[in-house]
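Encoded as structure tokens, the structure appears first; notes follow it.
Order of the sequence lines sets the chain letters (A, B, ...), proteins ahead of strands, with each chain counted from 1.
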2 protein chains.
Amino acid sequence: MDVATYQALIEALNKAGHRLTAQRLAICRYLASSHEHPTPATVYAQVRQQLPSLSLATVYNTLALLRELGVITEMGADMGGTRYETDAHPHVNLICLRCGQVVDMPLPDLTAVQAALAAQSAFELRNLRLDAYGLCPDCRQSQPLSADEKTTYA
Amino acid sequence: MDVATYQALIEALNKAGHRLTAQRLAICRYLASSHEHPTPATVYAQVRQQLPSLSLATVYNTLALLRELGVITEMGADMGGTRYETDAHPHVNLICLRCGQVVDMPLPDLTAVQAALAAQSAFELRNLRLDAYGLCPDCRQSQPLSADEKTTYA
DNA sequence: TTGTGTGCAAAGCATTTGCAATACT
DNA sequence: AGTATTGCAAATGCTTTGCACACAA
């Protein structure tokens, strides 16, 4: 698990005056150890192994809280639910338009961009996110967007 | 309405071999004229004024199709449904973490970034998207997230 | 003409909500 | 002690699906 990320999550909760319950700590621990982009259901299933009494509603509550604090971000709900990602290290998400696969890549330096945005807007910025949409190697090869596919991204 | 955007949408459908039905044309026309970030329900309500027989399922189908073609993108489903946005002109989305409000801003030059990504990945890139998360002026003032409480935690 | 696209309504699920019980601070 | 938070389960929609009909190509 990424300890720095874990502590960042905990500290965000703490600083905002939210209680550090066993459920929240466990969820944060999982988020800090997952290098994927889990859905609420996934988080629930995994954390439940350590905390059998955990409720799905609590997972939703906690994810919403962390999202509002800006320490995790919500990705499009492509299939089977919204996915969340922990903002550990800045990166670009390469997202396949067809199968929804997400690949991470190192992020170019955007601090200048962020500074410019902060200066030009009245928003209190928490984080930036750069997504690149396209077709992954598999889908690209299987058939470049042709007529006989109407099916949804499954 | 933005004619260029409209034609881009139509051409994307056409090139991929999809039929240009009245429903699809009407939906594209609305998307090209809306400078907001409509939900499927909004699209349905609006387009229905011109095309009373339109079905909500068709709206979902068409939006999914356009999204897969990469000409519109899906934004997080913050409240009341997923929102879509037409990729007319490059811009940054300033998204409020609390109320979900979205404000557009001009996009800094990212062609270098896109070129780098294209070179380093096997993806066939369709578009880039930059989102900035934070608190909008209203939410920022109504309740600052940072309570200055300092506490120690394990 | 052919097979894609549409409409309708019901089914499928992700997400939220209300309230009593629990437990963090 | 006081109150934020949890768990449970039902409620709430958003989204999808199946099938028969309509219509672009």
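Counting heavy atoms from C-beta outward, N93(A) and M75(A) have side chains that approach closer than 4.5 Å. V92(A) has its side chain out of reach of D104(A): every pair of non-hydrogen atoms, C-beta onward, lies at least 4.5 Å apart.
The nearest whole Å value for the distance from the CD atom in E74(A) to the C1' atom in dT15(C) is 11 Å. Between the CG atom of N61(B) and the P atom of dT4(C) there is a distance of 14 Å, given to the nearest Å. Rounding to whole angstrom units, NE2 of residue H18(A) and C1' of dT3(D) are separated by 14 Å. Nucleotide dA9(D) holds its P atom 10 Å from the OH atom of Y44(A), rounded to whole Å. For the pair R24(B) CZ and dT4(C) C1', the computed distance is 8 Å after rounding to whole Å. When the P atom of dC8(C) is taken as reference, atom CD of Q23(B) falls 11 Å away, rounded to whole Å. Atom CG of L56(A) is separated from atom P of dA14(C) by 9 Å (rounded to the nearest Å). In this structure, the CG atom of L51(A) is 11 Å from the C1' atom of dT6(D), given to the nearest Å.
Summarising the geometry, atom CD belonging to E11(A) is positioned 12.0 Å from atom SG belonging to C28(A); distances are rounded to the nearest 0.5 Å. Atom CD1 of I95(A) is separated from atom CZ of R129(B) by 8.5 Å, given to the nearest 0.5 angstrom.
Remark on the helix from dT1(C)-dA25(D) to dT25(C)-dA1(D): inter-end axis angle 60°, axes from five-pair C1' superpositions, rounded to 10°.
Between T58(A) and dG7(D) there is a side-chain polar atom (N or O) within less than 4.0 angstrom of OP1 or OP2. Between dT15(C) and Y60(A), a contact under 4.0 Å exists linking OP1 or OP2 to a side-chain N or O.
With hydrogens and angles disregarded, a donor-acceptor distance shorter than 3.5 Å links the side chain of R140(A) to the backbone of A122(B). Looking only at distances, no side-chain donor or acceptor of T5(A) sits under 3.5 Å from a matching main-chain atom of A32(A).
Interface remark: the R19(B) side chain does not form any donor-acceptor pair with the dA25(D) base, using a distance-only criterion of under 3.5 Å.
Nearest-nucleotide mapping onto DNA chain D: of A41(B) and L20(B), the residue sitting toward the 5' end is A41(B). Annotation: of the two residues near DNA chain D, T21(B) and A57(A), the 5′-most nearest-nucleotide partner is A57(A).
A salt bridge does not link R83(A) to E85(A): none of the charged nitrogens lies less than 4.0 Å from a carboxylate oxygen.
Checking dT15(C), dT15(D), dG7(C) against the side-chain heavy atoms of T82(B) singles out dT15(D) as nearest.
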